[in-house]
Amino acid sequence: MDQRASLQDFEATVYGDAGRSVLYDSGRPRYVLRASMFERSDLDVLFERVRTLRALDRAAVATRLANHRVLLLFGQPSTRTSESFAAAAHRLGAHPRVVSNLDATSFSKGESVEDAAQVFASFYDAVVVRHPDPSFVTRLAFGLYRGPRNRPLISAGSGTVAHPTQALLDGFTLQDNWPDGIDGKRIAIIGDAGRNRTARSLASLLTRYRGVTVDFVCPPSHAVQPAFVASLRDRGLTINVHETLGPFLRAHGKALDALYVTRLQQEWDAIPSGVLGADGDFVLHPHFAELLTPDCRILHPLPRVNELPPSWDQHPGFLVWEQVHNGMWVRAALLDWMVRDPA
Ligand code: NCD
């Protein structure tokens with residue numbers, strides 16, 4: 001695609017079948033905008049890079065991105081994602097800077113996102129961005145692509161649409177915990193999957209594995225959009241849709257390899273309701289443990305509210321703190337892959 005392409009052409013390309021030509025540069029990711037941009041071979045490379053990086057001693061890791069600067073632009077609340085990107089950059093010897101008050105930047109004076117991209121590219125070697133408007137990250141990528149300084153960009157969560165690095169760390173955590181990998185597994189995604197970007201990004205990533213079944217267990221008011229379900233089926237996932245949690249677990253609990261529990265995304269509600277379905281309907285009650293096998297893996301992207309009571313932390317398959325820890329290493333491996341000069 002020509003550097004003079006319009007934003008519409010750019011968007012159609014990066015979210016379409018030809019996305020790879022722009023999203024990758026010589027086999028390395030350049031703009032991480034969506035989980036579905038990663039093919040199985042890319043995931044295998046990234047996950048291997050995570051293991052290699054993790055096995056190096058601290059001093060060796062700390063030289064990999066020495067003298068590099070990474071901008072973390074966070075236009076939405078974040079604890080784990082911003083802290084793990086900052087920790088990842090520090091580990092690699094880079095300097096992260098977090099900007100979380102976008103009202104204090106020139107955006108408030110009307111600067112375009114595309115111009116801001118070139119400004120950031122003058123001072124930073126990579127940009128990580130979270131924003132409630134999904135077009136924001138696309139426009140940043142577009143501004144980088146068409147300008148003289150083309151720096152790597154990573155979405156750290158865009159609107160309700162995508163959270164690719166959460167999907168990568170979830171995929172890594174699952175793969176790392178199953179000696180025989182993700183192929184053939186059955187995973188239930190529970191909660192507000194209609195709006196939870198982590199839930200749908202994970203489902204997209206799972207299409208890269210063979211023979212995977214995903215059960216979406218969501219109240220009808222927060223169900224996954226039928227067009228998205230159809231696209232997952234087209235990409236090879238077996239999908240079942242359920243509307244109640246207790247009956248689903250009673251019928252299928254012992255057949256499940258993992259549960260991915262999510263919270264109600266009430267920040268998108270004009271009038272927050274506070275609960276998902278009728279009160280308690282989508283809470284993983286402690287007594288549901290008897291409906292699962294002890295080694296059923298329990299994941300949650302965090303933050304949790306009431307849907308995954310703390311007694312689950314004692315369940316043998318509880319992986320939530322491992323997800324958090326892996327998040328730092330997956331993000332470090334991704335930054336290292338994207339930013340470091342391949343010598
Ligand atoms: C998620 C997010 O921001 O989408 N948090 C995270 O990054 N781990 C999930 C959520 O907020 O529910």
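Just so you know, residue 1 is the first one in the sequence shown, and it goes up from there. Order of listing sets the numbers, starting from 1, for every ligand and every atom in it.
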Charged tip of Arg20 within 45° of Tyr24 ring normal and under 6.0 Å: yes
At a 4.0 Å cut-off, with the gap strictly under it, does some heavy atom of Gly157 reach an atom of ligand 1? no
Which residue supplies the protein heavy atom nearest to atom 9 (C) of ligand 1, what is that atom called, and how far is it? Leu302 O, 3.5 Å
Which atoms of ligand 1 are found less than 4.0 Å from any heavy atom of Asn196? 12 (O)
Under 4.0 Å from a heavy atom of Thr198: which atoms of ligand 1 are those, numbered in the order shown and with their elements? 1 (C), 4 (O), 9 (C)
Greater than 12 external heavy atoms within 6.0 Å of Asn67's CG: no
Taken in chain and number order and not counting sequence neighbours, the residues that satisfy ring-ring contact (aromatic ring centres under 6.0 Å, His included) with His90 are none
Contact check, Arg130 vs ligand 1, heavy-atom distance below 4.0 Å: yes
heavy-atom search around atom 12 (O) of ligand 1 in the protein gives Arg263 NE, 2.8 Å
Can you name the atoms of ligand 1, numbered from 1 with element, that are less than 4.0 Å from a heavy atom of His163? 2 (C), 4 (O), 6 (C), 7 (O)
How close does the nearest protein non-hydrogen atom get to atom 3 (O) of ligand 1, and which residue and atom is it? Arg197 NH2, 3.0 Å
Assess the pair Phe216 and Phe248: is the distance between their ring centroids shorter than 6.0 Å? no
Check whether any N or O atom of Pro303, backbone or side chain, sits under 3.5 Å from an N or O atom of ligand 1, and answer yes or no. no
Mind checking whether Gln265 contacts ligand 1 via backbone (N, CA, C, O), side chain (CB onward), both or neither, at a 4.0 Å heavy-atom cut-off? side chain
